[in-house]
Amino acid sequence: MDLMIQRDVDLADLSTFRVPARAQRLVRIEHARQIRAVVDHPELGVLPKLVLGGGSNVLLTRDPSGVVLKIEIGGMHVVQDDADSTLIEAGAGVAWHDLVCWTLRQGFGGLENLALIPGTVGAAPVQNIGAYGMELSERFDSVELVDLTTGRSATLDRAACRFGYRDSLFKGPLAGKSVITRVRLRLPKPWRAQLGYAELQRHLERAGRRDPSPQDVFDAVCAIRRAKLPDPARLGNAGSFFKNPVVNRTIRNEILDEFPEIVSYPLEDGSYKLAAAWMIEACGCKGRSVGAAAVDTRHALVLVNRGGASGADVLRLAESVRAAVRERFGIELEYEPVLV
Ligand code: EPU
């Protein structure tokens, strides 16, 4: 199979941070079998490989060596539709938000809480995308992937993917070792609005939607996101740069004694998620900048490229925010995007 190898490619527009970087080689992947061809290729086979989807959860701090695989596998279809659920499948290169819109147009609710999340379908399981009271893992059925060493395909079910909060097998043991080519999602019937996220419920009540439809929930999520989060098409960013730290009850109570206003959420296992955005803001970091990289003035979890920032600027800024939170709260923040 022929492969088109592009050389010395500008990557600035291939990641939503829009920081400068160049790829020595880049191959656009439109079919899963092209990955096998890359693995078997005399020049490319032995090189390190970086997989890029929508580039919305990656920070390029250097020029990646080897070959960049830009995943552009398309297609969305209904696999099975029965009384209990609808099983849908999409190619890894489909934009996640386009899939959400497509399911709603087909009359299938179930993904509306995850509207407007930037990035591709193939990237969604990697960090187990989540927002407004829902995580991908709740709708996930299986993935097809191709092993980057052997070129073989495999299917993994939900249990095998070991999903956690913004975490999965693909960020851990499988990181850099495989490419997700297709994703299957199961949308349960009957549809029920998932309104556990207080702000979403308040928004719908204010709009007079006491018995909301999937479209109402979609509209509300889009409105909240547009009001709170910068649009990567206008201002370079990768969504939340930091994860919300999870701590045990003792640590949470110690912090609460000293900072009674801190925002935290109890989790099912008895631990607590602390709002990192609250802590960053409490440290006075909102608006802090290094070069043209800045902590967003609307949402403190988001680092933005005001124009002309390098990946190194963003990383230095992230480190200074992390140091401030460590000093004040004794908590080590973790980065959410993948650093290259
Ligand atoms: N807050 C502040 N300052 C800010 C922003 C928020 O004090 O600048 C406080 C808010 O008052 C609120 C709390 O922090 O009480 C939580 O804020 P928010 O509801 O915006 O949620 P989050 O925990 O900061 C998470 C996800 C987002 C997701 C939202 C909504 C993570 C790392 N981030 O943010 O995901 O959209 O919940 O569900 O879990 C992403 O991952 O890229 C992302 C945007």
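For ligands, and for the atoms within them, numbers begin at 1 and follow the listed sequence. Here the structure is a predicted model, which means the values were calculated and not measured.
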Between CD1 on residue Ile251 and OG on residue Ser264, distance to nearest 0.5 Å: 13.0 Å

Inter-residue atom distance Tyr132.OH - Leu195.CG, 0.5 Å rounding: 14.0 Å

Nearest non-hydrogen partners of Pro20 and Ser310, listed with the distance: CD-CA, 4.0 Å

Students should be able to answer this: which protein heavy-atom is nearest to [atom], and at what distance?
atom: atom 28 (C) of ligand 1; answer: Ala131 CB, 4.0 Å
atom: atom 35 (O) of ligand 1; answer: Arg166 NH2, 2.9 Å
atom: atom 43 (C) of ligand 1; answer: Ser240 OG, 3.1 Å
atom: atom 3 (N) of ligand 1; answer: Glu281 OE1, 2.6 Å
atom: atom 14 (O) of ligand 1; answer: Ala275 CB, 3.6 Å
atom: atom 38 (O) of ligand 1; answer: Tyr132 N, 2.7 Å
atom: atom 5 (C) of ligand 1; answer: Ala277 CB, 3.5 Å
atom: atom 17 (O) of ligand 1; answer: His299 NE2, 4.0 Å

Output yes when [X] and [Y] qualify as a salt bridge under the 4.0 Å nitrogen-oxygen rule, no when they do not.
X: Asp231; Y: Arg226; answer: no
X: Glu334; Y: Arg166; answer: no
X: Arg186; Y: Asp141; answer: yes
X: Arg326; Y: Glu332; answer: yes

Aromatic ring proximity, centroids under 6.0 angstrom, His299 and Phe241: no

Heavy-atom proximity to atom 22 (P) of ligand 1, best of Ile129, Ile262, Asn244: Asn244

The one among Tyr165, Phe242, Trp278 that brings a heavy atom closest to atom 31 (C) of ligand 1: Tyr165

For ligand 1, which atoms sit closer than 4.0 Å to a heavy atom of [X]?
X: Arg225; result: 36 (O)
X: Gly239; result: 42 (O)
X: Ala300; result: 4 (C), 8 (O)
X: Lys228; result: 18 (P), 19 (O), 20 (O)

Gln24/Asp63 under side-chain contact (heavy atoms from CB on, under 4.5 Å): CA gap, chis, key distance, verdict: CA-CA 8 Å; Gln24 289 170 17; Asp63 293 339; over 6 Å; no

Part of Arg298 within contact of ligand 1 (heavy atoms, under 4.0 Å): backbone

Side chain to side chain contact (heavy atoms under 4.5 Å, CB included) partner of Thr103, chosen from Leu111, Val78, Asp98: Leu111

Contact bool for atom 11 (O) of ligand 1 (protein heavy atom, d < 4.0 Å): no

Asp84 vs Lys189 side-chain heavy atoms within contact, under 4.5 Å: no

Cation over ring face, Arg322 and Tyr335, 6.0 Å, 45°: yes

Could you tell me if any non-hydrogen atom of [X] lies under 4.0 Å from any atom of ligand 1?
X: Gln127; answer: no
X: Tyr265; answer: yes
X: Lys273; answer: no

